[in-house]
Amino acid sequence: MTISPSRRALGSLSAVAAGVLTTLSAAPFGLWWLAPVAAGLLYAGLHRLSPRQAAWRGWCYGLGLFGSGTSWVYVSIHDYGYTGVPLALALTGLFVAALALFFAVTLGLYRRLAGPRLSVLSFAGAWVLGEALRTWLFTGFPWLLLGSGQVDSPLAAWAPIGGVYLLSLIVALTGALGVEVLRRSWLALPPLAALWLVPLALPAQWTAPAGDPLRVALLQGNLPQLIKWTPEGQRVAANTYLSLTASLDDDLDLVIWPEAALPMLEEQARPILERARTLLPPDTALVTGILQRDGAGRFYNSVIEVGDEDAYRKRHLVPFGEYLPLESLLRGAIAFFDLPMPTMTPGPDAQSPLRVAGTRLGNAICYEIIYADLVARQARRSAAILTVSNDTWFGASIGPLQHLQMARLRALENGRPVIRATSNGVTALIDSRGRITARAPQFQEAVLTGEVVPRQGLTPFSRTGSWPVWALAALLVLPGLRLRRHREP
């Protein structure tokens, strides 16, 4: 079938719009019902396209999604990377265009390999396989997955069973089935209804309390990022966190400082940390994010309990933020590539949760909280999840609110409370059903106190991780594959 240029242009614009709708389905907008609408917009015209046209349509979707949903990259590059507006726009555009290629590959291959037979299933399966690819290829970037915005929707009850990828699968199926219903294919109605009615019968809780609540205090220093790694910034950080610690009540089990709260190595920070420890009762634990250096001169982004030798070392590092790919070529090329802190080394894959205040805390430092399987591995051996972060790099963008939403989804997936301590927001306490129970204001110096109930038992997702959903997605694609090759129009 030949498609006119005007129809092709309209299709491209609708794909860009679908990407923007996906952003609106997530935080801070919370219009979760737009996610299946976005998936349906892409599915509706897909089978009239050649593989090359489908790839272009997918790239346009990615352009709309990441152009609207990761606009905070510009803030990081321009405001905190000392990069001028033209170059910051160019680098942000390159980032968005490169990420959009994942959708070009997904829809291009889908259109080449799958036919109209059982297209609803193969479309949803291909979508999830594309998200799995984006999660792991080139260190991965599972930001704004299709199911990420469903933490407050009626579909949320599916999360403890299959995690965010099951939510993405169901949202993609909903969009495609909805299109078929609009085409008066009434056989699509029963499965569509089942996807949305089954959650009503699922358990509200998969885990149980494991002891008395912990009384915790999260300290948010709200320090200026632009001076943080200077001598002045170090003095301000030390004075701020010592002052906030001194203001605390005595009835706390746990005090938490955020990621790299003191912008210095642990060996330099030790006198400050020992001073902070004397400000607290003997039975109150103090945990902080800190930079560590080992005997071989390697640097780690870590979480420690002050006075204890155990540490969790971040294993999934941020490219261009904690290490510089192709460093010999890029270092010094522009200011953005000159990291203000030492190049980090990833921690080991298998790390045990920290035992703090009589409770095992699973750990995810900053960016790691967006990796569902990494968090699930920590959750299996812990009663709560601790994530410390420095979201100052996002500025006053939508990034910190998206980051918070993904932390909420990790809580829901694993039936574990999440303790989230950040430098300038969003600092929050999240219960085992993904609900925020306490929250500090952004961009203010603050102390957030509250109770956290440790949990025991495992959700189905905690036990298995994402691989069953990825396998299901592959099985859904198989029936729609063409048995013999033929020429596309």
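Not measured: the values here are computed from a predicted model. Positions are given from 1, in the same order as the sequence printed here.
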### Result of checking Tyr61, Trp470, Tyr110 against Trp127 for ring-ring contact (aromatic ring centres under 6.0 Å, His included)
Tyr61

### Task
State which residues pass side chain to side chain contact (heavy atoms under 4.5 Å, CB included) with Val105; sequence neighbours excluded, sorted by chain then number.
Leu109

### Query
Under 3.5 Å, is there a donor-acceptor pair between the side chain of Arg380 and the main chain of Ser462?
yes

### Message
One pair to check against side chain to side chain donor-acceptor pair (under 3.5 Å): Tyr165 and Thr135. What are the steps and the verdict?
### Response
CA-CA 11 Å; Tyr165 298 98; Thr135 298; 2.5 Å; yes

## Note on the structure
Those residues at least two apart in sequence (or on a different chain) that pass side chain to side chain donor-acceptor pair (under 3.5 Å) with Asn222 are none

### Message
Within the 4.5 Å heavy-atom criterion, are Cys366 and His403 side-chain neighbours or not?
### Response
yes

### Query
How would you list all residue pairs meeting salt bridge (Lys or Arg N to Asp or Glu O under 4.0 Å) that involve residues 462-478, not counting sequence neighbours?
none

Residues 206-213, side-chain donor-acceptor partners within the protein, below 3.5 Å, at least two apart:
residue	atom	partner	partner atom	Å
Thr207	OG1	Gly415	O	2.9
Thr207	OG1	Arg455	NE	3.1

### Query
Any chance the side chains of Tyr300 and Glu266 put a donor and an acceptor closer than 3.5 Å?
no

### Message
Just to verify, what does Arg435 make a side chain to side chain donor-acceptor pair (under 3.5 Å) with, not counting sequence neighbours?
### Response
Asp431

### Task
List in chain and number order the residues that pass salt bridge (charged side-chain N to carboxylate O under 4.0 Å, His left out) with Arg315, two or more places apart in sequence or in another chain; answer none if no residue qualifies.
Asp349

### Query
Is NZ or CZ of Arg293 both nearer than 6.0 Å to the six-membered ring centre of Phe299 and within 45° of the ring axis?
no

### Task
May I ask you to check whether Phe95 and Trp143 place their ring centers less than 6.0 Å from one another?
no

